[in-house]
Amino acid sequence: MVTMTDEHDHDSKPELPADVRVRFCPSPTGTPHVGMVRTALFNWAEARHTHGTFVFRIEDTDAARDSEESYNQILEALRWLGLDWDEGIEVGGPDGPYRQSQRGDIYRKVARQLLDAGYAYESYSTAEEIEARNLAAGRPKSFGYDGYDRDLTEEERRSFRDQGRRPAIRVRMPDEDVAFDDLIRGRIEFKAGSVPDYVIVRPNGDPLYTLTNPVDDALMRINVVLRGEDLLSSTPRQIVLYRYLTELGVAQGTPLFGHMPYVMGQGNKKLSKRDPESNLFLHRENGFIREGLLNYLALLGWSIGPDRDVFSMDEMVEKFDIRDVKANPAHFDIDKAVAINAEHIRMLDPQDFLNRSLPYLKRDGAVTADRWEELTGREREVLTAAAPLVQPRVRLLGEVSGMVGSLLSQEDYIEPEPDARKQLKESAGAVLDLAVKALEPVGEADWKTDNLHAILTHALVEEGGYKPRLAFGPVRVAVSGRRVSPPLFESLEILGKETTLRRMQNLRARL
RNA sequence: GCCCCCGUCGUCUAACGGUUAGGACACCAGACUUUCAAUCUGACAGCGAGAGUUCGACUCUCUCCGGGGGUACCA
């Protein structure tokens with residue numbers, strides 16, 4: 001098949017298993033954000049690079065925060081981005097169901113096994129009681145759980161139950177250091193005693209992430225866990241749980257872990273869901289294309305090689321190795337993201353560029369349909385002519401409407417935008433008069449870019465004595481209403497003689 | 001308090017003990033030009049600090065400093 005030649009040695013980083021199984025397992029809370037996408041991307045790329053398996057599961061164990069809307073958005077996000085999965089949501093697989101809300105029986109059974117084996121125990125302490133004990137013992141409030149219920153006798157437990165109390169279930173942490181080799185960070189060691197016994201099932205019977213995540217990873221035979229840095233400090237307790245699960249035959253060992261750095265926002269803060277820059281769909285609305293956004297996100301922590309930062313997903317898959325990812329947090333820089341997106345827009349086949357622009361044009365009312373086949377003949381004609389002019393000068397698809405709107409429109413007057421109006425000097429009226437006069441005699445057959453260029457240059461610059469800026473500025477504003485537009489003479493040709501002249505006359509009349 | 005992570009231009013990164021520390025974005029200047037953009041050229045700008053190891057450290061070790069995360073019956 002494919003020979004994987006490793007160009008880099010990954011010093012202390014572990015070797016990957018022969019059959020990589022990674023997963024993406026978001027909680028459906030809120031709208032998809034870019035940090036989440038980056039996590040999905042790196043998992044996907046690792047699976048594709050190694051010809052492994054990418055599993056997609058939903059962790060909806062928190063009924064209070066999860067929503068169906070968010071679930072649907074996450075699905076839509078992955079599909080839009082083209083990050084396809086091999087097993088999981090909607091595609092199925094051998095280890096379903098793939099929504100944790102439908103796997104309650106599994107968790108209950110495993111929790112029972114853990115309890116029976118003594119790896120977990122019933123804990124009746126309330127948060128208030130724990131805090132009170134810590135205070136009384138002179139420990140800081142944030143000391144955490146003190147192990148009070150570890151060795152409750154049967155009598156004590158019965159007495160709690162008789163008071164009407166229901167127990168949470170806690171995992172018993174051994175008093176020893178826990179270490180592992182992170183795929184991104186190398187060796188990480190946690191000191192003994194730094195992780196308290198933790199809850200895996202609520203008193204009401206709801207299983208928590210602390211249980212469901214490792215259990216599902218085990219049952220789905222995930223052997224490489226690539227997740228956010230925020231989960232790093234929960235890794236020792238998961239490793240301990242994996243040991244127990246392996247003893248019980250639920251797991252076949254402990255997976256490899258790789259903790260990806262944060263995506264940062266303004267200041268030194270993690271990009272939060274509140275931050276508009278974190279909103280994937282907002283970026284899409286603004287006109288990011290998947291290639292551009294994915295490329296940019298890949299740059300946050302990973303590099304395809306020296307002196308190179310624009311690449312396709314195929315190229316990324318070919319080169320990607322999670323062990324090359326940097327461990328330090330990266331700031332989300334919208335300017336660079338937009339610049340990368342612009343590069344990808346320019347690489348699009350012109351017709352593809354047009355097709356992808358249509359939803360934006362439709363949204364902005366510049367066009368009558370968002371599908372090429374449903375456009376009018378004139379719309380198709382104008383867009384085909386305008387595409388090569390517009391494609392190199394937009395950075396986001398959301399900018400296309402502004403660029404071609406005045407060409408698509410058949411209005412006889414375009415109200416200049418404020419910054420375009422500012423371009424109009426006192427001479428604008430005289431310039432427009434001259435331009436109209438020079439263009440009126442031009443026959444339809446001669447209404448061509450080069451000819452129009454020659455005629456206007458002659459009339460306005462050579463004979464009129466105006467500097468190019470003063471000569472062509474008013475013409476541009478008249479036909480486009482904007483300071484920035486596609487090339488002027490090409491625009492005039494596309495627009496046609498009649499509309500061009502009327503727009504110039506109408507602007508002239510309103511000066 | 002305790003535990004853990006991180007530290008190269010403003011930002012994203014390259015460098016794997018030997019380079020004038022490279023590239024990209026942003027910014028500035030210039031060229032081109034019918035505007036804007038694109039393009040081209042140039043400029044600006046960095047190894048957090050200090051020890052140690054070494055013939056030689058951005059690269060290895062330690063300390064400090066700085067930033068971040070965790071310490072939940074959230075994930």
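A note on names: the letters A, B, ... follow the listed sequences, proteins ahead of strands, and every chain is numbered from 1.
A distance of about 24 Å separates the P atoms of C58(B) and A24(B), rounded to the whole Å. One P atom belongs to G50(B), the other to U59(B), and the distance between them is 12 Å to the nearest Å. The gap from the C1' atom of A21(B) to that of G30(B) amounts to 27 Å, rounded to the nearest Å. Across the P atoms, U39(B) and C27(B) are found 13 Å apart, a figure rounded to whole Å. Between the C1' atoms of G69(B) and A14(B), the separation comes to 28 Å (whole Å). Using P as the reference atom, U61(B) and C6(B) are 12 Å apart when rounded to the nearest Å. Here the separation of C74(B) from U13(B), taken at their C1' atoms, is 34 Å to the nearest Å. A gap of 15 Å separates the C1' atoms of G46(B) and U20(B), to the nearest Å.
Mapping V394(A) and P468(A) onto RNA chain B by nearest heavy atom places P468(A) closer to the 5' end of the strand. Taking the nucleotide of RNA chain B with the nearest heavy atom to each of E189(A) and Q100(A), the more 5' of the two is matched to E189(A).
Under the 4.5 Å side-chain criterion, counting only non-hydrogen atoms from C-beta, V178(A) is in contact with V240(A).
In this structure, R166(A) does not reach the C73(B) phosphate: none of its side-chain N or O atoms is under 4.0 Å from OP1 or OP2. Considering only side-chain N and O atoms, T61(A) lies under 4.0 angstrom from the phosphate OP1 or OP2 of A75(B).
Between the P atom of C5(B) and the CZ atom of F180(A) lies a distance of 9 Å, rounded to the nearest Å. Separating the CG atom of L389(A) from the C1' atom of U39(B) is a distance of 16 Å, rounded to the nearest angstrom. Straight-line distance from the OH atom of Y466(A) to the C1' atom of U34(B): 16 Å, rounded to whole Å. The CG atom of D230(A) sits 16 Å away from the P atom of G68(B) (whole-angstrom rounding). Nucleotide A72(B) holds its P atom 11 Å from the CG atom of D146(A), rounded to whole Å. U71(B) atom P lies 14 Å from atom CD1 of I130(A), rounded to whole Å. If you take CG of D177(A) and P of C4(B), they are 9 Å apart, rounded to a whole angstrom. Here C74(B) presents its P atom at 4 Å from CZ of R202(A), a figure rounded to the nearest Å.
Residue contacts shown for R170(A) are limited to sugar-phosphate atoms, with no base heavy atom under 4.0 Å away. Residue A168(A) is classed as having no contact, given no heavy-atom separation below 4.0 Å to the nucleic acid. Among the atoms of the strands shown, base atoms are found under 4.0 Å from some heavy atom of F489(A). Residue L488(A) is classed as a base contact, given a heavy-atom separation below 4.0 Å to a base. G144(A) comes within contact range of the sugar-phosphate backbone alone, with a heavy-atom separation under 4.0 Å but no base atom that close. The residue I200(A) sits apart from the nucleic acid: no heavy atom pair falls under 4.0 Å. Nucleic acid contact for S485(A): base, since at least one base atom lies under 4.0 Å from a heavy atom of the residue. As judged by a 4.0 angstrom heavy-atom cut-off over every strand, R346(A) is placed among residues touching the sugar-phosphate backbone only. Using a 4.0 Å heavy-atom cutoff across all strands shown, S491(A) reaches no nucleic acid atom at all. Nucleic acid contact class of H259(A) (heavy atoms, under 4.0 Å, all strands): none.
Looking at the side chain of E490(A), the nearest of the listed nucleotides C3(B), U34(B), C25(B) is U34(B).
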Polar atoms only, N or O, under 3.5 Å: list the protein pairs with nucleotides 11-14 of chain B and their distances.
residue	atom	partner	partner atom	Å
U11(B)	O3'	H331(A)	ND1	3.4
C12(B)	OP1	H331(A)	N	3.1
C12(B)	OP1	H331(A)	ND1	2.9
C12(B)	O2'	L299(A)	O	2.8
U13(B)	OP1	G301(A)	N	2.8
A14(B)	OP2	K326(A)	NZ	3.2

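The line from CG of L241(A) to CG of N213(A) is 9.5 Å long, rounded to the nearest 0.5 Å.
Shown here for E343(A) and V310(A), the closest heavy-atom pair between the two residues is CG-CG2, 4.0 Å. Nearest heavy-atom pair across N286(A) and L396(A) is O-CB, 3.1 Å.
When both pairing distances are held under 3.5 Å, G7(B) makes a Watson-Crick or G-U pair with C65(B). Across all strands shown, U35(B) has no partner, as no Watson-Crick or G-U wobble contact with both distances under 3.5 Å is found. Partner assigned to U41(B) is A29(B), using Watson-Crick or G-U wobble distances below 3.5 angstrom.
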So D60(A) and Y71(A), side chain to side chain contact (heavy atoms under 4.5 Å, CB included) or not? Walk me through it. CA-CA 9 Å; D60(A) 51 349; Y71(A) 167 83; 6.0 Å; no
Check step by step if ring-ring contact (aromatic ring centres under 6.0 Å, His included) holds for F42(A) and F320(A). CA-CA 8 Å; F42(A) 282 13; F320(A) 188 77; 5.1 Å; yes
For R57(A) and E59(A), what are the C-alpha separation, side-chain angles and deciding distance, and is it a salt bridge (Lys or Arg N to Asp or Glu O under 4.0 Å)? CA-CA 7 Å; R57(A) 167 177 92 220; E59(A) 308 216 326; 2.6 Å; yes
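No side-chain donor-acceptor contact under 3.5 Å links H33(A) and S272(A). Between the side chains of Y296(A) and D309(A), no donor N or O sits under 3.5 Å from an acceptor N or O. With hydrogens and angles left out, the side-chain atoms of R227(A) and T235(A) include a donor and acceptor closer than 3.5 Å.
Proximity of residues 208-216 of chain A to RNA chain B (heavy atom under 4.0 angstrom from any strand atom) is restricted to L208(A), Y209(A).
Scanning for side chain to side chain contact (heavy atoms under 4.5 Å, CB included) contacts around P26(A) gives F24(A), M36(A), F56(A), I58(A), I74(A), with sequence neighbours left out.
The aromatic rings of F257(A) and Y242(A) sit perpendicular to each other, their planes meeting at more than 60°, with 30° as the lower class boundary. The aromatic rings of F472(A) and F489(A) sit perpendicular, their planes meeting at an angle over 60°, well past the 30° parallel limit.
The base of U35(B) does not come close enough to the side chain of R469(A) for any donor and acceptor atom to sit less than 3.5 Å apart. The base of C36(B) is paired with the side chain of R393(A) by a donor and an acceptor separated by under 3.5 Å.
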